[in-house]
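Just so we're clear, the structure is a prediction, and the values are computed from it rather than from any experiment. Side chains are part of it too, since the values below use all heavy atoms of this structure and drop only hydrogens, waters and symmetry mates. Note on naming: letters A, B, ... go to the chains in the order of the sequence lines (proteins, then strands), and numbering restarts at 1 for each one.
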Amino acid sequence: MRTHTCGDLRSEHIGQTVSLCGWVAKRREHGEKLAFVDLRDFSGVVQCVVDNDVDVRSEWVVRVTGVVRARPAGTENSTLATGQVEVGECRVEVLNIAEPPPFPIDARADEVDEGIRLRHRYLDIRRERMQRNLRVRARVNSSIRAAMERQGFVEVETPFLMPSTPEGAREFLVPSRKEPGSFFALPQSPQLWKQLLMVAGVDRYYQIARCLRDEDLRADRQYEFMQLDAEMSFVTQDDVLAAISEAVMAAAESVTGVRPPEIERITWREAMERFGVDKPDLRFGMELVELTDVFSATEFKAFAGAASIKAIRVDAATYPEQAAYGRNKLDALTDRAKKLGAKGLVWLKVVADGQVESPVAKFLSDLERSELLARTHATEGDLVLVVADDWATTCEVLGQLRNDIGRPPVHEGPYRYVWVVYFPLFVGADPNTGRPRPGHHPFCHPHPDDIDKFESDPLSVRALAYDLVLNGWELGSGSIRIHEPELQRKVFNALGISDEEADRRFGFFLQPFKYGAPPHGGFAFGIDRLTAILAGEENIREVIAFPKTQSGADPMTNAPTPVDAGQLAELGLRLLPPPAQ
RNA sequence: GGUCCCGUGGUGAAGUUGGAGUUCACGCCGGCCUGUCAAGCCGGAGGUCGCGGGUUCGAGUCCCGUCGGGACCGCCA
């Protein structure tokens, strides 16, 4: 039906007779004998000059046949890729009429309520922004596939219907028709399958896999999301990191045209010490400064005896507004710190001559004050925020405040990828059992140097577990897995899981490991998140064709919907009465 | 489960101390217009102020509830 696409016409096409198909983006009439019709398809927009009276309106579907010609001098449009040319002597064939759209099919729809965009997603996707985002996503997918294939990974598809496992995220359940009362679960991730594929000798598995988790939605979370899921046999942590880095860098290069530099690494411990979070945003400074020893003999009660005292400096030159916060804002920051778990927040404003203005100024010795300013490099106009608490609380609270105050929107460059390695194997204590809980999942391999600390100091045991972080967003995580039954039992014991319980909860998973499991490890990262950042979006819904709203519904199809009684009966289900008012 | 923000013709906004469904821009319909480009000029149509209740002589405005959308906390091993 067409010889070219709208967005592709350039001066080199001048003189050619072309046929184009698309939607009427805009019509500008100048009397009966002249009209400009902007024709849009996926590739862009081109101006068609119609000098006969054809009635075409917004979003009508038309086929235009005409001759490409240079625009008359002075009428070129530099804001349009096709703006040097136009299609003249146009014959317009109406292929379909259309009602006026509920919102303009152009950049103005960026301001339209997202619910309305989602209700008419097929119109939203006609827009350049969405066309671009879907194509970015396609490039990400295909370059990841190519990178994994290049490295010898084999794509294996795994089941969508699998047994429910109570661990981890809440699952979507699928009732069984043939076995009423029994259910399948949809995969939170292909974790189970990929480790079995290692036992099965596949050696290098990957899949661009859909994962489903019935947890509350966020800007970076949907019920359904896509992961690059991979697993490798006979590898070290370095091998896994290298393979995944290659896929990520290839994906980034395919979108931005620039291959990112080698992805840097930081230990979990260092991330917490310097940035106060396990997904540090390296695009800005404001790092945490260690002050514990400065106040080792302080008279100031709130600092005396604190296990950890740290500060961040809000630089007046970089953050003039925040550094000059008044009393109300500082009180709000203090409330925020308390909500995050700190006992309090001490703020100090640096004034002239190394003096500070602070509610606690009179409690600090001259030496303490001058050392605090020296360590934080604070100068006149800067704001210093200090937290004194246990190590984890101090780090986490200041890390959150650092993000609150300084973090740019996630999509703003430069892109700063970082591997966070050696996560703790165990975290905190289960409030019920008093035992430590797994930091990641109970199959992570402990760091070989730390295995003798299981009993003496379990919380200091590092895992061969790692996260990939981009601009403060967690892209994904992985680990080297335990393949030795004896070590696995040791980890279960530390977690307070008996052999019997382990067998009951994980037996179907552990049984195959008895038949010769190779050393293996893997990784999974979220393609929606990577795509959003590479596309310059701060919300993964913008890179998903048909996403759900925050409440988990689809305004276009109205899913989820009730089903009729017959469907329920066939599945052996009956609904509970609605909860009382 | 919780905190906060938003909801006014098709779209986006404004609406002051509670005083007439009022206003602006875009879109839509009709007319004019031969070089515009988010064209211009003239005219017109279009409303359950999300919904329900309350306070009041009177509610878009205040209060309570509810629905929908969004950000976040919990949750996401």
Mate of C75(B) across any strand shown (Watson-Crick or G-U wobble, both atom pairs under 3.5 Å) is none

I'd like to know if R71(A) reaches the base of C37(B) with its side chain, counting only an N/O donor and acceptor under 3.5 Å. yes

Comparing H441(A) with E86(A), nearest RNA chain B nucleotide closer to 5' gives the residue E86(A)

| message | G27(B), OP1 or OP2 - any side-chain N/O from K26(A) closer than 4.0 Å? | response | yes

Suppose you measure atom P in G15(B) against the same atom in C6(B); what distance do you get, rounded to whole Å? 12 Å

Would you measure the distance from the P atom in U16(B) across to the matching atom in G27(B) and give it in whole Å? 28 Å

Determine the Euclidean distance between corresponding P atoms of C72(B) and U36(B); express it in Å to zero decimal places. 46 Å

Partner of G58(B) under the Watson-Crick or G-U wobble criteria, both distances under 3.5 Å, comes out as none

- A219(A) near the nucleic acid: base, sugar-phosphate alone, or nothing, with a heavy-atom cut-off under 4.0 Å? sugar-phosphate

In Watson-Crick or G-U wobble terms, with both distances under 3.5 Å, the base opposite G65(B) is C51(B)

Under 3.5 Å, is there any donor-acceptor pair linking the side chain of N77(A) to the base of C37(B)? yes

By the Watson-Crick or G-U definition, both distances under 3.5 Å, G9(B) is matched with none

**Message:** On the side chain of R213(A), is there an atom forming a donor-acceptor pair with the base of C75(B) - under 3.5 Å, no angle test?
**Reply:** no

side-chain contact (heavy atoms from CB on, under 4.5 Å) with E171(A): of T165(A), D214(A), L186(A), only one passes, and it is T165(A)

Assign each of D220(A) and F443(A) the nucleotide of RNA chain B bearing its closest heavy atom; nearer the 5' end lies the nucleotide of D220(A)

Scanning all shown strands, the Watson-Crick or wobble mate of G44(B) with both distances under 3.5 Å is C28(B)

Q. Is a donor-acceptor contact shorter than 3.5 angstrom present between the side chain of Q47(A) and the base of U36(B)?
A. yes

Quiz item: For F103(A) and U11(B), do the ring centres fall under 5.5 Å apart while the planes stay under 30° apart?
Solution: no

When you look at CD of E167(A), are more than 12 heavy atoms from neighbouring residues, nucleotides or ligands closer to it than 6.0 Å? yes

Using Watson-Crick geometry (N1-N3 plus N6-O4 or O6-N4) or G-U wobble (N1-O2, O6-N3), each under 3.5 Å, G18(B) is paired with none

Scan D216(A) against the nucleic acid and name what it touches under 4.0 Å (heavy atoms): base, sugar-phosphate only, or nothing.
base

Please confirm whether the ring centroid of F523(A) lies under 6.0 Å from the ring centroid of W419(A). yes

Give me the distance, rounded to whole Å, that separates G1(B) from G10(B) when you measure between the C1' atoms they each carry. 37 Å

Practice problem: Under 4.0 Å between any heavy atoms, over every strand shown, what does I116(A) touch: base, sugar-phosphate, or nothing? Just pick one. | Solution: sugar-phosphate

inquiry  = Is the base of G35(B) stacked against the aromatic ring of H30(A), taking ring centres under 5.5 Å apart and planes under 30° as the test?
reply    = no

